[in-house]
Structure formats: structure tokens, C-alpha cells
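Remarks on the structure that follows.
Counting starts at 1 for both ligands and their atoms, in listed order.
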Amino acid sequence: MNYLFPVFLKLEHLNTLVVGGGNVGEEKLSAILRNSPKAKVTVVATYFKEEVVELAKKHTTVTLEERSFEYDDLEGKQVVILATDNRALHEEIKAETSQRGILTNVADTPDLCDFYLGSVVQKGDLKIGISTNGKSPTLAKRIREYLEEALPDEIQELMDGLTAFRNQLKGDFAVKVKELNALTQKVMKSKKVQ
Ligand SMILES: C[C@@]1(CC(=O)O)C2=NC(=C\c3[nH]c(c(CCC(=O)O)c3CC(=O)O)Cc3[nH]c(c(CC(=O)O)c3CCC(=O)O)/C=C3\N/C(=C\2)[C@@H](CCC(=O)O)[C@]3(C)CC(=O)O)/[C@H]1CCC(=O)O
Ligand SMILES: NC(=O)c1ccc[n+]([C@@H]2O[C@H](COP(=O)([O-])OP(=O)(O)OC[C@H]3O[C@@H](n4cnc5c(N)ncnc54)[C@H](O)[C@@H]3O)[C@@H](O)[C@H]2O)c1
């Protein structure tokens, strides 16, 4: 059983700290920005990979601080991702973020994580998050690739059409739900994924 509770965060409303600007830091920062290009992110690291510097240039809401982590970096942060090569440092920071109630992901260390990053399928407004409960990130990646291939690009038109239909529906909530259910059932039958 997977007891993780999935949510879709509005990272532009929150302050995120990434500690580490190497390979893993880059992976996590690009995962954030691929999903939330306007996310407010501070990255603190003693050195930055070129790709991280390039990402920060493209996203004005990303700030890079080239120095060692300091506890003051946690001030005002709601989300923290630890991606250095120093496990002892991760454990120390995690103890402090737990005290302060800051949601923390420790890359590649499931035991220390409050949340995991998921594999993400994106087709326009449709977003599907995939979790294997930490069992196999590689399988999550393969399922993402499978769904990306299987879902038709026209799914955006379908969503736009449904929004328009939803907006012009009259009647109370129960009537709208009934009509939307009836229509989407028909659509799913006719557009059945191959
Ligand atoms: C989904 C994705 C999101 C992202 O990171 O953006 C993600 N890992 C991705 C890829 C990936 N990561 C690793 C490989 C190498 C092969 C392999 O090990 O499978 C590959 C595959 C590749 O890169 O091809 C190494 C790895 N990862 C973790 C461990 C530790 C452990 O398992 O104990 C180790 C071993 C490290 C070592 O050997 O030392 C742990 C976690 N990785 C998670 C997320 C969380 C669980 C998600 C879930 O429930 O599925 C969790 C628990 C915590 C977290 O990091 O949030 C992203 C796919 C993006 C995509 O392409 O769609
Ligand atoms: N590279 C991978 O894909 C991969 C895969 C599996 C596991 N790992 C493990 O993940 C860890 C990180 O790997 P990596 O390749 O990203 O390492 P890396 O050397 O590329 O990056 C480490 C980053 O941590 C920063 N850092 C270290 N101490 C710091 C401190 N006190 N304050 C601020 N920043 C600090 C460095 O400046 C650097 O930006 C390693 O332990 C590695 O074994 C990496």
C-alpha cells in the first residue's frame, strides 16, 4: 500500500530552498522549474554546476547564493530540498526543519523525507503525478514515458471544450455534475486511449 497523500503545490506562492548545486541539485531544480517556472527558489551551494547557473538566468524568481549553508537560510522557507553530498549535514538540517515545521525532501534518502518528488506526465493542462512509494523511481519514469506516449495531444482541446461547456451550464450544482458526468462518459468512450 502507498499511504502518501498527493497534492499539487503552487510554488509561486511559497518560498523554496534547495541546498546543493551539483548533479542532484540540478535535477531537483529542473524538476521544480519544469513544473512551476515561476517558483520562488533560493539555491545555496559552495559551487554551482554550469547548468544550474543557466537555469537561474532563465528564471528570474531563482536566486543563487554561492556559499556554505547557514541556518538563517531556513528563515521564511516552507519547502526545503537537500541535495548536497554530505549526509551528516542533511541529517542536521532535517532535524532543524522538523523543529520548524518546514516540509523537507532529502534527495535519495527516503527515510529522511517528508515528501517525495514524483514522476510527472504533462499534456497541456493535464498533469499526472506518479509515485511508486519509493520502490522504483526507474519504474515511475517508465510509466511516465508510457503515459506520455499513450495520451493523445488533443486532450487539451477536450479539456478546453469541457471548460466551455461547464461555464455555459445552467442549473444547480447537482444538475451540472450530472450533465458533466454524462458528457465525459460519452467522450471517454469515443476517444478511448489506444
Ligand atoms: C520520480 C523522480 C522525481 C525527481 O527526482 O525529479 C524521483 N527519482 C527519479 C529518478 C531516479 N532517481 C534515481 C534513479 C536511478 C535508478 C533507481 O534507483 O531507480 C532514477 C532514474 C533515472 O534517473 O533514470 C536514484 C534514486 N532515487 C531515490 C533513491 C534512494 C532510494 O531509493 O533509496 C535512489 C538511489 C540512489 C543511489 O543509488 O544511491 C529516491 C527517490 N527518488 C524519487 C523520485 C522519490 C521516489 C519516487 C517514487 O516513489 O517513485 C525518492 C524516494 C525521494 C526523492 O528523491 O524525492 C525521478 C524520475 C523522473 C522522471 O524521469 O520521470
Ligand atoms: N549524481 C547522481 O546522479 C547521483 C546518483 C545517486 C546518488 N548520488 C549521491 O547524491 C549526492 C550528491 O551527488 P551530486 O552528484 O549532486 O554531488 P555534487 O558534488 O555534484 O554536488 C554536491 C553539491 O553540494 C554542495 N555542498 C556540499 N556541502 C555544502 C554545504 N555545506 N553548503 C552548501 N552546499 C554544499 C556543493 O557545493 C555541490 O553543489 C552524493 O552523495 C552522491 O553519492 C548522486
Side-chain angles (χ1 to χ4, degrees), residues 1-9 11 14-37 39 41-57 59 62-98 100 102-124 126-151:
M1 262 307 271
N2 183 332
Y3 293 126
L4 297 166
F5 182 67
V7 291
F8 292 88
L9 295 176
L11 283 188
L14 301 167
N15 293 306
T16 299
L17 172 71
V18 176
V19 187
N23 300 310
V24 176
E26 184 210 341
E27 262 171 43
K28 301 303 169 189
L29 183 65
S30 49
I32 290 174
L33 295 172
R34 215 169 27 245
N35 282 282
S36 306
V41 188
T42 305
V43 189
V44 175
T46 45
Y47 89 88
F48 292 106
K49 253 184 102 173
E50 185 52 33
E51 288 83 347
V52 174
V53 175
E54 290 305 315
L55 272 174
K57 276 188 197 154
H59 298 264
V62 175
T63 309
L64 303 187
E65 307 250 356
E66 194 170 331
R67 54 169 174 75
S68 289
F69 167 81
E70 293 161 13
Y71 281 100
D72 279 354
D73 293 326
L74 300 177
E75 207 55 52
K77 304 298 188 304
Q78 292 84 34
V79 179
V80 167
I81 298 180
L82 303 178
T84 79
D85 49 0
N86 185 340
R87 171 143 187 153
L89 176 70
H90 288 172
E91 284 175 7
E92 281 170 31
I93 301 176
K94 177 63 176 79
E96 182 64 23
T97 56
S98 292
R100 299 194 193 192
I102 303 171
L103 290 177
T104 305
N105 173 278
V106 188
D108 298 343
T109 318
D111 293 351
L112 289 181
C113 288
D114 296 320
F115 66 92
Y116 298 155
L117 278 78
S119 225
V120 179
V121 181
Q122 292 209 60
K123 288 263 168 166
L126 180 71
K127 182 170 282 191
I128 303 171
I130 301 162
S131 161
T132 65
N133 209 11
K135 286 279 164 71
S136 172
T138 300
L139 179 64
K141 180 179 77 175
R142 292 294 174 220
I143 293 171
R144 166 177 66 73
E145 288 168 353
Y146 174 82
L147 289 174
E148 275 169 353
E149 185 74 25
L151 286 163

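- Residue contacts with ligand 1 include Arg144, since one of its heavy atoms falls under 4.0 Å from the ligand.
- Some N or O of Leu117 is nearer than 3.5 Å to an N or O of ligand 1, by distance alone.
- Between Tyr116 and ligand 1, no N or O atom pair is found at a separation short of 3.5 Å.
- Interface atoms of ligand 1 facing Thr132, defined by a heavy-atom separation under 4.0 Å, are 48 (C), 49 (O), 50 (O).
- Against a heavy-atom cut-off of under 4.0 Å, Gly21 is close to the following atoms of ligand 2: 23 (C), 38 (C), 39 (O).
- At a 4.0 Å heavy-atom cut-off, ligand 2 touches Arg67 through the backbone alone.
- Atoms of ligand 1 lying under 4.0 Å from any heavy atom of Ala31, numbered from 1 in the order shown and given with element: 6 (O).
- Of all protein heavy atoms, the one lying nearest to atom 4 (C) of ligand 2 is Val24 CG2, 4.0 Å.
- Near Ala45, meaning under 4.0 Å from one of its heavy atoms, ligand 2 places the atoms 33 (C), 34 (N), 37 (O), 39 (O).
- For atom 35 (C) of ligand 2, the closest non-hydrogen atom of the protein is Thr46 OG1, 3.7 Å.
- Between Arg87 and Glu91, at least one side-chain nitrogen of the basic residue sits less than 4.0 Å from a carboxylate oxygen of the acidic one, meeting the salt-bridge criterion.
- Protein heavy atom closest to atom 49 (O) of ligand 1, with residue, atom name and distance, is Gly134 N, 2.7 Å.
- Here the shortest heavy-atom distance to atom 22 (C) of ligand 1, taken over Lys141, Glu27, Glu148, belongs to Lys141.
- The heavy atom nearest to atom 22 (C) of ligand 2, considering only Leu89, Val18, Asp85, is found in Asp85.
- Lys28 counts as a contact of ligand 1, since one of its heavy atoms falls under 4.0 Å from the ligand.
- Under the 4.0 Å distance rule, the nearest protein heavy atom to atom 43 (O) of ligand 2 falls outside the cut-off.
- Only the side chain of Asp108 comes within contact range of ligand 2, with a heavy atom under 4.0 Å; no backbone atom does.
- Scanning the protein heavy atoms around atom 32 (N) of ligand 2, the nearest turns out to be Phe69 N, 2.9 Å.
- Close contacts between ligand 2 and Thr84 involve ligand atoms 11 (C), 12 (C), 24 (O), 26 (N), 27 (C), 35 (C) [criterion: under 4.0 Å to a heavy atom].
- Counting atoms of ligand 1 from 1 in the listed order, those under 4.0 Å from a heavy atom of Pro110 are 30 (C), 31 (C), 33 (O), 52 (C).
- Residue contacts with ligand 1: Thr109 is placed with no nitrogen or oxygen under 3.5 Å of a nitrogen or oxygen of the ligand (distance criterion only).
- If you check which protein heavy atom lies closest to atom 3 (O) of ligand 2, you get Glu27 OE2, 3.8 Å.
- Interface atoms of ligand 1 facing Gly118, defined by a heavy-atom separation under 4.0 Å, are 1 (C), 3 (C).
- Checked against a 3.5 angstrom limit, the closest N/O atoms of Val106 and ligand 1 fall outside it.
- In this structure, atom 40 (C) of ligand 2 has a protein heavy-atom contact shorter than 4.0 Å.
- Of all atoms in ligand 1, numbered sequentially from 1 with element shown, those under 4.0 Å from a heavy atom of Thr138 are 16 (C), 17 (C), 19 (O), 21 (C).
- Within the listing of ligand 1, atoms 49 (O) sit less than 4.0 angstrom from a heavy atom of Asn133.
- The atoms of ligand 1 that sit less than 4.0 Å from any heavy atom of Asn105 are 54 (C), 56 (O).
- Here the two rings, on Tyr71 and Phe69, have centers that are under 6.0 Å apart.
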